[in-house]
Asks: 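Submitted below is the structure of interest, expressed as structure tokens.
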Amino acid sequence: MENKLPDVKVKINEKKEYYYPVFIGENLIQNAQEYINQYTKAQKLLVVTNKTIMSLYPQTLKLKNAEFIILEDGEQYKNFDTYKQIMEKALELKLERQDALIAFGGGVIGDVTGFCAATYLRGIDFIQIPTTLLAQVDSSVGGKVAINTSYGKNLVGAFYQPKLVLSDTNTLKTLDKRQYKTGLAEVVKYAFIEKTAKCNFNFFEFMEHNTDKIKAKDPQTLKEMIKICCEIKAKVVNEDEQEKGLRTILNFGHTFAHAIEKATNFTHFTHGEAVAIGMRLAFDLAKSRNAISNTYYSQAISLLTKYGLTYVIPQNITKEELISAMYFDKKVQCSKVRFVLPKDFCEVELTSDIEAKNSLG
Ligand code: NAD
Ligand code: GLY
């Protein structure tokens with residue numbers, strides 16, 4: 001394979017000359033070994049994946065000197081037990097620092113594998129091969145890695161960047177409709193924050209005009225869409241890797257979403273579905289404060305509707321439950337809930353001047 005140029009280069013803060021590549025397109029998995037040889041010095045590889053992915057892609061990821069850990073499928077396995085299992089396997093294989101852990105799967109696999117990579121020998125190379133839309137546009141880029149605890153989601157983790165991201169759009173063909181739409185919620189989120197990220201891809205219009213192709217998973221359109229999302233995320237992460245300021249915009253809709261997920265015991269909605277409701281609530285709140293025009297409000301709701309991102313909070317969940325769940329958000333500061341709200345077309349801002357109890361209309 002001749003050296004290909006990355007689709008996106010992710011740079012982090014001061015280390016301006018260093019970047020890691022994101023490759024996006026069809027049939028990348030089949031050539032994974034060449035990409036790994038080009039971007040790492042790994043001799044041994046430990047691939048972490050799950051049963052669902054292995055049953056769909058049993059022979060696709062052909063690698064030299066690779067061992068596989070095949071986990072059960074599910075968010076509940078993003079935990080300490082899985083962390084221990086992966087670490088013990090890495091120790092048994094005597095992986096050295098220049099070897100690599102590979103996450104082959106969705107956000108669950110990416111997060112737990114990344115956290116193992118961050119802590120094994122205080123840091124071993126890490127490669128993301130994301131297979132869900134959510135992972136390709138969000139979790140595989142930017143270096144947030146974590147496991148869940150009984151106290152809450154993603155509470156033990158690190159910022160640890162991968163060496164290489166290979167987003168093979170062919171894998172999205174086997175994603176079911178629900179998981180695909182879950183990813184689309186995070187995609188639409190980028191349209192709502194683009195200008196605050198100081199990007200100018202006209203992504204809102206792109207999403208408005210390409211609905212049919214995106215729904216049909218047209219490969220070229222998917223590649224373009226994922227590339228823009230990764231560009232926007234890379235721009236934000238370059239400026240603020242550790243979420244001290246700008247990166248909070250990537251949490252647009254998430255204060256409400258996390259509360260909805262918690263109040264429904266993490267069983268009713270996927271993360272993306274909760275984010276879709278959260279974005280809708282953020283638009284409602286901004287409109288009620290006259291922070292955005294009626295025109296933008298209607299355009300935004302219409303975009304969510306075009307992608308079927310309209311969900312309803314179950315009636316048995318009370319306002320009080322949602323408000324109390326909001327205080328578990330990681331953006332809470334000095335016991336105040338902070339919201340990322342729309343302030344203009346494709347612009348958002350972080351605000352802490354709203355009482356949580358007044359945020360739900
Ligand atoms: P997931 O990893 O659970 O994958 C969703 C489902 O799709 C699973 O059943 C999985 O086995 C299946 N699957 C994966 N690839 C498939 C394919 N190609 N074809 C068919 N089925 C496939 O969920 P997700 O939505 O990818 O990720 C959610 C996780 O990501 C959560 O744990 C969340 O906290 C985390 N997350 C992390 C970040 C970050 O920045 N690190 C950002 C957003 C979300
Ligand atoms: N998914 C939000 C972030 O990476 O910051």
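First listed ligand is number 1; within each ligand, the first listed atom is number 1. Keep in mind that what you see is a predicted model, and the values were worked out from it rather than measured.
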Asks: Looking only at distances, can you tell me whether any N or O atom of Lys144, backbone or side chain, sits closer than 3.5 Å to an N or O atom of ligand 2?
Replies: yes

Asks: Suppose we measure from atom 15 (N) of ligand 1 to each protein heavy atom; which comes out shortest, and what is that distance?
Replies: Thr131 OG1, 2.7 Å

Asks: Got Phe192 and Leu304 here, is their nearest side-chain heavy-atom distance under 4.5 Å?
Replies: yes

Asks: Run the numbers on Phe328 and Tyr151 for ring pair (Phe, Tyr, Trp, His ring centres under 6.0 Å), then give the verdict.
Replies: CA-CA 10 Å; Phe328 288 89; Tyr151 290 86; 9.8 Å; no

Asks: Is ligand 1 under 4.0 Å from a heavy atom in the side chain of Val145, in the backbone, in both, or in neither?
Replies: neither

Asks: Please give me the minimum heavy-atom distance between Asp99 and Gln43, naming the atom from each residue.
Replies: OD1-N, 3.0 Å

Asks: Among all protein heavy atoms in this structure, tell me which lies nearest to atom 35 (C) of ligand 1, with the distance rounded to 0.1 Å.
Replies: Asp111 OD2, 3.3 Å

Asks: Measure the acute angle between the ring planes of His258 and His254, then classify it against the limits of 30° and 60° as parallel, tilted or perpendicular.
Replies: perpendicular

Asks: How far apart are the C-alpha atoms of Tyr190 and Phe201, what are their side-chain angles, what is the distance that settles it, and do they pass the ring pair (Phe, Tyr, Trp, His ring centres under 6.0 Å) test?
Replies: CA-CA 10 Å; Tyr190 288 108; Phe201 297 104; over 10 Å; no

Asks: Pick whichever of Lys153, Lys173, His258 has a heavy atom sitting closest to atom 33 (C) of ligand 1.
Replies: Lys153

Asks: Is there a path of hydrophobic side-chain contacts, each under 4.5 Å between heavy atoms of I/L/V/M/F/W/Y residues, joining Phe23 to Phe104?
Replies: yes

Asks: Taking non-hydrogen atoms only, is Asn50 closer than 4.0 angstrom to ligand 1 via side chain, backbone, both or neither?
Replies: side chain

Asks: Nearest protein heavy-atom contact for atom 41 (N) of ligand 1: which residue, which atom, what distance?
Replies: Lys144 O, 2.8 Å

Asks: Heavy atoms only: which of Asn148, Thr132, Ile53, Val108 is nearest to atom 2 (O) of ligand 1?
Replies: Val108

Asks: Would you say ligand 2 has an N or O under 3.5 Å from any N or O of Asn251?
Replies: no

Asks: Could you tell me the residue and atom name of the protein heavy atom closest to atom 44 (C) of ligand 1, and the distance to it rounded to 0.1 Å?
Replies: Leu134 CD2, 3.6 Å

Asks: So which heavy atom in the protein is nearest atom 19 (N) of ligand 1, and how far is it from that ligand atom?
Replies: Thr174 OG1, 2.7 Å

Asks: Which of these passes side chain to side chain contact (heavy atoms under 4.5 Å, CB included) with Lys233: Val22, Asn238, Asp138?
Replies: Asp138

Asks: Just need the protein heavy atom nearest to atom 21 (N) of ligand 1, so name the residue and atom and give the distance.
Replies: Leu175 CD2, 3.8 Å

Asks: State yes or no: do Phe115 and Ile102 share one hydrophobic cluster built from I, L, V, M, F, W and Y residues joined by side-chain heavy-atom distances below 4.5 Å, directly or via other members?
Replies: no

Asks: Are the charged groups of Arg247 and Glu241 less than 4.0 angstrom apart, N to O?
Replies: no

Asks: Looking at atom 38 (C) of ligand 1, what's its closest protein heavy atom, distance included?
Replies: Ser139 CB, 3.2 Å

Asks: Is the closest protein non-hydrogen atom to atom 31 (C) of ligand 1 under 4.0 Å?
Replies: yes

Asks: Short list, please: which atoms of ligand 2 are under 4.0 Å from a heavy atom of Lys233?
Replies: 1 (N), 3 (C), 4 (O)

Asks: Aromatic rings Phe204 and Tyr296: how do their planes relate, parallel, tilted or perpendicular, breaks at 30° and 60°?
Replies: tilted

Asks: Under a 4.0 Å heavy-atom limit, does Lys78 contact ligand 1 with its side chain, its backbone, both, or neither?
Replies: side chain

Asks: Taking the six-membered ring for Trp, are Phe80 and Tyr83 ring centroids under 6.0 Å apart?
Replies: no

Asks: Should the ring pair Tyr311 and Phe269 be called parallel, tilted or perpendicular, given that the plane angle runs from 0 to 90° and is split at 30 and 60?
Replies: perpendicular

Asks: Does ligand 1 have any atom that is closer than 4.0 Å to a heavy atom of Lys233?
Replies: yes

Asks: So, Asp111 and Lys153, do they make that salt bridge, N to O below 4.0 Å?
Replies: no

Asks: Which part of Thr171 is near ligand 1, with near meaning a heavy atom under 4.0 Å away: side chain, backbone, both or neither?
Replies: both

Asks: Could you identify the single nearest non-hydrogen protein atom to atom 1 (N) of ligand 2 and state the distance to 0.1 Å?
Replies: Asp138 OD1, 3.0 Å

Asks: Tell me, please: is His254 in heavy-atom contact with ligand 2, that is, under 4.0 Å?
Replies: no

Asks: Considering heavy atoms of the protein only, find what lies nearest to atom 24 (P) of ligand 1 and give residue, atom and distance to 0.1 Å.
Replies: Gly107 N, 3.6 Å

Asks: Could you tell me whether Glu75 and ligand 1 have an N or O pair separated by under 3.5 Å?
Replies: yes

